[in-house]
Protein chains: 4
Amino acid sequence: MRADAQRNLARVLAAAEEVLTRDGLTASMRTIAGHAGVGVGTIYRQFPTKEALYQAIVMDRQRRLAEEAQALFTAADPGAALFSFFTRIVEDATVKKVFADALAGTGIDVKAATAGTYDIRGAVETLLTRAQRAGAVREEVGMAELLALLTAACLAAQHQGWDEELRTRTLAVMFHGLRP
Amino acid sequence: MRADAQRNLARVLAAAEEVLTRDGLTASMRTIAGHAGVGVGTIYRQFPTKEALYQAIVMDRQRRLAEEAQALFTAADPGAALFSFFTRIVEDATVKKVFADALAGTGIDVKAATAGTYDIRGAVETLLTRAQRAGAVREEVGMAELLALLTAACLAAQHQGWDEELRTRTLAVMFHGLRP
Amino acid sequence: MRADAQRNLARVLAAAEEVLTRDGLTASMRTIAGHAGVGVGTIYRQFPTKEALYQAIVMDRQRRLAEEAQALFTAADPGAALFSFFTRIVEDATVKKVFADALAGTGIDVKAATAGTYDIRGAVETLLTRAQRAGAVREEVGMAELLALLTAACLAAQHQGWDEELRTRTLAVMFHGLRP
Amino acid sequence: MRADAQRNLARVLAAAEEVLTRDGLTASMRTIAGHAGVGVGTIYRQFPTKEALYQAIVMDRQRRLAEEAQALFTAADPGAALFSFFTRIVEDATVKKVFADALAGTGIDVKAATAGTYDIRGAVETLLTRAQRAGAVREEVGMAELLALLTAACLAAQHQGWDEELRTRTLAVMFHGLRP
DNA sequence: CATGAATGAGGTTTCATTCAT
DNA sequence: TATGAATGAAACCTCATTCAT
């Protein structure tokens with residue numbers, strides 16, 4: 001890839017993350033292009049569709065989160081590891097409208113593109129299993145409800161603008177509910 | 001207000017609830033007017049803005065929920081009363097896109113108009129206080145996190161289409177987290 | 001239909017005929033709307049699609065031609081009647097790009113909408129049959145080649161801008177070819 | 001001209017003929033460049049404009065046809081020679097969208113560039129004169145109407161997708177019209 | 001000299017809102 | 001008063017053309 005193309009791709013991704021993060025899916029392509037300092041055509045060269053750009057942003061996010069999860073697989077305290085990852089995701093969602101939108105599936109089906117690429121779900125499952133083996137989480141808690149809780153927290157955090165204290169207190173209740 | 005105007009107001013509200021509930025904020029004014037069997041101008045006579053109509057629907061919902069809450073104030077088991085009301089709200093949200101949208105603030109800020117009119121917050125507070133007095137909920141749980149949990153559950157239930165089992169299991173974890 | 005709507009519909013059709021007639025399918029909706037003195041939305045109210053507007057223009061044309069044909073069914077000289085109708089259509093096409101486009105099917109399939117509504121084909125067939133019975137046209141000439149000749153003349157007349165003399169001379173050769 | 005430049009010119013022309021022939025003027029420069037295996041810039045080095053490329057294709061076609069005509073100048077049967085050349089051109093047009101488009105002037109005015117370069121007109125004139133001298137074509141038929149007939153047949157053949165039978169029958173009528 | 005990334009005007013279409021009827 | 005036709009800004013996307021690499 002040419003040097004200028006690479007530079008522009010980076011600028012587009014940065015602008016898209018910033019704008020989509022702030023405004024969600026309502027952000028127009030022109031706004032994103034404006035923030036990146038490029039023409040709309042430049043975005044369309046890399047991403048054939050608004051949806052494709054959006055998915056790229058979300059996938060990038062998932063990749064980074066999946067890496068963070070991996071680092072926690074070998075943590076000394078499995079319970080703390082799960083709760084820490086959970087908190088980490090919610091912290092992100094608090095200020096990033098895209099991810100909440102993505103989790104919510106508002107308008108665009110993001111599952112298709114992200115499925116199986118970076119496996120957040122698998123990462124959470126590993127962390128859950130380890131936490132249960134360590135006795136930090138009740139045996140009867142399943143993946144389905146854990147993910148439901150996670151999604152719920154992300155959506156609400158984004159939209160209501162949870163501050164740090166509220167996030168801490170609300171997650172504390174959820175974590176209390178997960179423990180034996 | 002003339003009789004026909006009153007009838008039209010009712011029809012508009014009913015149609016708006018049905019259509020917004022099904023399609024969320026993407027529903028167009030023409031679609032709503034069509035379902036109500038009136039012209040768009042008739043809607044604009046009552047509601048100066050799409051946002052205003054939308055707020056009216058949400059307020060109406062809140063009014064009804066507040067009434068249901070009131071009926072639970074004197075229930076024999078205060079813990080069950082709180083959990084039952086909580087479940088009731090989430091059940092609704094599962095199939096009503098508007099309320100989740102409203103809670104999520106997608107596109108329209110609904111807080112301004114609804115704040116303080118019908119006091120869902122007050123109702124929940126009463127139920128919480130009674131449940132805590134009865135020892136069914138931990139003392140240190142505050143209103144802020146209780147409402148945050150409620151919002152979170154509503155948003156996720158709608159967006160992910162929680163079925164009955166998932167709803168039961170997820171709320172079970174939340175309720176477990178609220179109990180001593 | 002309301003009076004203003006009817007007036008605007010007429011203006012839109014007139015403008016569309018003028019502009020599409022001159023520029024063919026490349027004419028933009030904004031240009032047409034500008035000529036009509038209305039907003040683009042006004043056109044889209046009546047015609048859900050650019051194609052639909054285009055078809056309306058073409059159908060209107062076909063209707064008028066079908067009427068002219070009908071008047072010739074009882075003409076004293078069946079041979080002259082056929083040739084006269086043939087000439088009439090080509091004259092039109094000489095200055096109307098739409099009809100040449102329509103016959104050519106450039107970009108838009110107009111057959112679907114116009115088929116069977118106003119039966120130009122049927123009219124020509126009637127005129128041909130009468131001319132053949134009167135001995136003015138050879139028996140072995142079929143509808144297929146007659147329509148092919150007609151289409152060919154229209155397309156070429158439009159695009160090359162046949163003047164009256166060229167039209168007369170060229171059609172003279174065609175008519176000579178049809179006669180015994 | 002450097003060897004590689006010459007090779008590229010040939011590839012561009014071949015690709016352009018193939019693609020324009022198939023898709024007509026709607027074909028994009030990128031599609032043509034892709035088929036040629038070069039970048040769009042390479043095309044623009046040789047042809048300042050899409051129109052220029054297009055004209056080059058059409059001119060090339062005309063050159064080849066002019067050569068074929070030349071070969072017929074000394075044919076034994078001058079009438080058959082004219083009709084054969086006529087048929088030959090129409091056959092081509094039946095499957096080549098460019099030439100019909102070119103003749104039809106869809107979007108681009110091709111006359112300017114092609115006029116007088118390769119003298120199709122002169123070739124036809126020679127064939128016509130010989131045919132008239134041999135008594136195979138009426139004396140009063142002029143070049144103007146002969147070319148008009150030719151154009152007309154090409155346009156209609158392409159646009160309507162004349163099959164072999166229809167082409168034969170329609171040209172038969174035209175030829176009958178030309179004969180004494 | 002070849003490449004193809006970048007540009008941005010322009011295309012069609014939708015829809016909240018206004019206002020003549 | 002109710003209607004729905006009219007408005008026109010704004011959305012997404014394409015593509016001929018230019019120019020940095």
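This is a predicted model, so every value here is computed, not measured. Sequence lines set the chain letters: A, B, ... in the order given, protein chains first and strands last, and positions in each chain run from 1.
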### Message
Please convert DNA chain F into dot-bracket. A pair counts if it is Watson-Crick or G-U wobble with both distances under 3.5 Å; crossing pairs go in [ ] and bases paired with another strand get |.
### Response
.||||||||||||||||||||
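Rounded to an integer number of Å, the gap from K50(C) NZ to dC13(F) P is 19 Å. In this structure, CZ of F47(C) is placed 16 Å from C1' of dT12(E), rounded to the nearest angstrom. Here dA16(F) presents its C1' atom at 16 Å from OH of Y54(D), a figure rounded to the nearest Å. Straight-line distance from the CE atom of M29(A) to the P atom of dA9(F): 23 Å, rounded to whole Å. Residue D23(B) contributes atom CG, which lies 15 Å from atom C1' of dC15(E) at whole-angstrom precision. Straight-line distance from the CD atom of E51(D) to the C1' atom of dT17(F): 14 Å, rounded to whole Å.
Backbone-only contact: A27(C) has heavy atoms under 4.0 Å from sugar-phosphate atoms and none from a base.
Take F47(C) and apply the side-chain contact (heavy atoms from CB on, under 4.5 Å) test, not counting sequence neighbours, and it matches L9(C), V12(C), L13(C), I43(C), A52(C), L53(C), A56(C). When the side-chain contact (heavy atoms from CB on, under 4.5 Å) test is applied to R11(D), the partners found at least two apart in sequence or on another chain are R7(D), N8(D). In terms of the side-chain hydrogen bond (donor to acceptor under 3.5 Å, both in side chains) criterion, residue partners of T31(A) (sequence neighbours excluded) are, by chain and number, S28(A). For T49(D), there are no side-chain hydrogen bond (donor to acceptor under 3.5 Å, both in side chains) partners two or more places apart in sequence or in a different chain.
The minimum heavy-atom distance linking M29(B) with V40(B) is given by the pair O-CG1, 3.9 Å. Residues H35(B) and V19(B) come closest through the heavy atom pair CG-CG2, 3.5 Å. Counting all heavy atoms, side chain and backbone alike, G39(B) lies closest to A33(B) at C-CB, 3.9 Å. The minimum heavy-atom distance linking A15(A) with I32(A) is given by the pair CB-O, 3.8 Å. Residues I57(A) and E17(A) come closest through the heavy atom pair CD1-N, 3.7 Å.
Each of dA16(F), dT12(E), dT14(F) was ranked by its minimum atom distance to the side chain of Y44(C); first place goes to dT12(E).
Between T49(B) and dA16(E) there is no side-chain polar atom (N or O) within less than 4.0 angstrom of OP1 or OP2.
Two residues, P48(D) and P48(A), neighbour DNA chain F, and the one matched to the more 5' nucleotide by heavy-atom proximity is P48(A).
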Pull out every protein N or O sitting under 3.5 Å from an N or O of nucleotides 6-10 of chain E, one pair per line with the distance.
residue : atom : partner : partner atom : Å
dA6(E)  : OP1  : N8(A)   : ND2          : 2.6
dT7(E)  : OP2  : G39(A)  : N            : 2.7
dT7(E)  : OP2  : T42(A)  : OG1          : 2.2

